[in-house]
Amino acid sequence: MTPIPPTRRGACPAFLAPMETGDGLILRLVPADGRLAPAQLRGLADAARRFGNGMMEVTARGSLQVRGLAPETVGPLQVAVAALGITPRIGLAVDVSPLGGLDPSEVSDGHPLAAAILAGAEHLAGQLGPKVSVVVEGGGVSLAGQKADVRLVATGPGQWALTVGNGPARVLPEAEAAAEALAALSAIAALGRAARATDLPGCGGRARLAEAVPPLGLMPLVDGTLAFGFGLPFGAGDAGQFAAIADAAEAAGARDLRPAPERTLIATGLSEGAADTFAARLAALGCVTAPGDPRASIAACAGAPACASAHFPARALGPLLAEAFAPLLDGTVSLHLSACTKGCAHPAPATLAFVGMDGGVALVHDGPASGAARPVRPEADFPAAVASLAATLAARRAPGETTRALLARLDPAGLWAGAATKRNDDVTSRAE
């Protein structure tokens, strides 16, 4: 099937408004309280199997998605979610750290501020576009990679740095920060449902998103228990995998499972011994459990055939990319497999983005997938081209040099095209 053009849409899949794609409808679920009991996750997996195609995902923003629904199965799935006691978030997206209030490393718990913004924005229901969002970062688990119309970052007890769109940050007391955030949302609503914060005066310009670090591994909690962060490869798995994760969490005595940024889940309330056993079971299920796992540095969209706009099977190619680039993934770079130029899996610029286009795969260095341009390598050449690029980069890296620094002085796109192009004369002294 020929991919459809990758047009931008003014919406994302939502609980009440699933979105059509190549493998049916996608329904997105964000628990209103940010957590699921193991039994609830198991029940959701069963519902995904009965009413969808059995595939589930954790998104970059920490949402759960159920894929492959038909119009007639959406309602039964929604009923099943209610029967499980899961209350979905409806309306304005206000994201808070999944460990807010439990994380000893946080500056301030963002939940009270988030609640104040949600309550104050109730009168704007239906006036804000579906993509408008607020991020409240209290510290600890990072939300730095999440795009937001309004961002509030704790700078000290009761103090928050407020940024609207891409405007300058202002440090304000909590009550004033909430009021200013609500004023910004009202101003966006006044411009219409298609508006974003970047449409406001002084708030445009280029986004300044940081590379987020997935919350993987053990984390201490203020109540003396432990949390454990993990992910499925590239954020996706079948219902059986999610059910097995729920079983492992329940067996370990986990209090709950919390969807988290960068396609992860965090189990909380674990004892030290139980956490070790839980981690071993997750590893046996093929999960990503440590920052050193090369898969943790790679974002991959659903790809073909799941997405109607896809030019290649992104997630199927993910392991190949992880294996080839493993020696180069030193924590300074991110990789993105985007089967079209929409860049859904990693909207922010990635260090290297492999992007599907008509005729093959393009490479973008330090940019979003939307910046892809020719030349391209044919899709059939992808395995060999990736192996060749990774080997060339490894051979040209100087002792002690980070991969980010290496790429800054080379021309990765030129190497991808098959030409040993040089970024500057320094390369000549570092020949293969």
Side-chain angles (χ1 to χ4, degrees), residues 6 145 205-212 234 294-301 303 310-312 314 317-432:
R206 187 174 179 177
R208 298 184 296 274
L209 288 178
E211 281 292 348
F234 316 113
R295 296 172 297 176
S297 298
I298 300 174
C301 65
H311 289 271
F312 60 76
L317 295 173
L320 182 153
L321 188 65
E323 181 180 1
F325 272 81
L328 295 161
L329 297 178
D330 56 1
T332 68
V333 295
S334 59
L335 305 184
H336 181 192
L337 274 168
S338 184
C340 77
T341 55
K342 287 189 295 184
C344 299
H346 196 285
T351 313
L352 293 178
F354 299 86
V355 185
M357 301 179 68
D358 289 339
V361 184
L363 180 65
V364 179
H365 176 217
D366 273 340
S370 59
R374 297 183 182 280
V376 299
R377 297 292 294 263
E379 181 193 332
D381 291 351
F382 187 82
V386 162
S388 175
L389 176 63
T392 299
L393 292 172
R396 295 189 178 192
R397 183 166 58 175
E401 185 177 31
T402 67
T403 302
R404 177 170 286 277
L406 170 71
L407 293 172
R409 65 178 179 80
L410 297 181
D411 177 12
L415 293 172
W416 179 250
T421 308
K422 300 167 185 175
R423 176 62 57 87
N424 56 46
D425 291 340
D426 181 55
V427 178
T428 60
S429 64
R430 306 185 189 278
E432 294 179 81

Give me the atom names and distance for the closest heavy-atom approach of [X] to [Y].
X	Y	answer
T402	A405	OG1-N, 3.0 Å
P412	L363	O-CD2, 3.3 Å
S338	A369	OG-CB, 3.7 Å
A324	V386	CB-CG1, 3.6 Å
A322	R295	CB-CG, 4.1 Å
M357	A373	SD-N, 4.0 Å

* Structure fact -> Which of L329, L335, T332 passes side chain to side chain contact (heavy atoms under 4.5 Å, CB included) with S297? It is L329
* Pick out which of L393, L320, V333 makes a side chain to side chain contact (heavy atoms under 4.5 Å, CB included) with F325. => L393
Reported [atom1]-to-[atom2] distance for the pair [X] and [Y], which is rounded to 0.5 angstrom:
X	Y	atom1	atom2	answer
L337	L317	CG	CG	6.5 Å
C340	F312	SG	CZ	9.0 Å
R397	L406	CZ	CG	7.0 Å
H336	C344	NE2	SG	8.0 Å
L407	R396	CG	CZ	12.0 Å

Judged by atom type as modelled, is there a donor-acceptor pair below 3.5 Å linking the side chain of [X] to the main-chain atoms of [Y]?
X	Y	answer
T403	D330	no
S334	T351	yes
W416	F354	no

* Return each pair, listed once, that meets salt bridge (charged side-chain N to carboxylate O under 4.0 Å, His left out) where at least one residue sits in residues 368-377; pairs must be two or more places apart or across chains. => none
* Are H365 and L352 close enough, and set up right, to give a side-chain contact (heavy atoms from CB on, under 4.5 Å), and what steps lead you there? -> CA-CA 5 Å; H365 176 217; L352 293 178; 4.1 Å; yes
* Tell me, do R404 and D366 make a side-chain contact under 4.5 Å, heavy atoms counted? -> yes
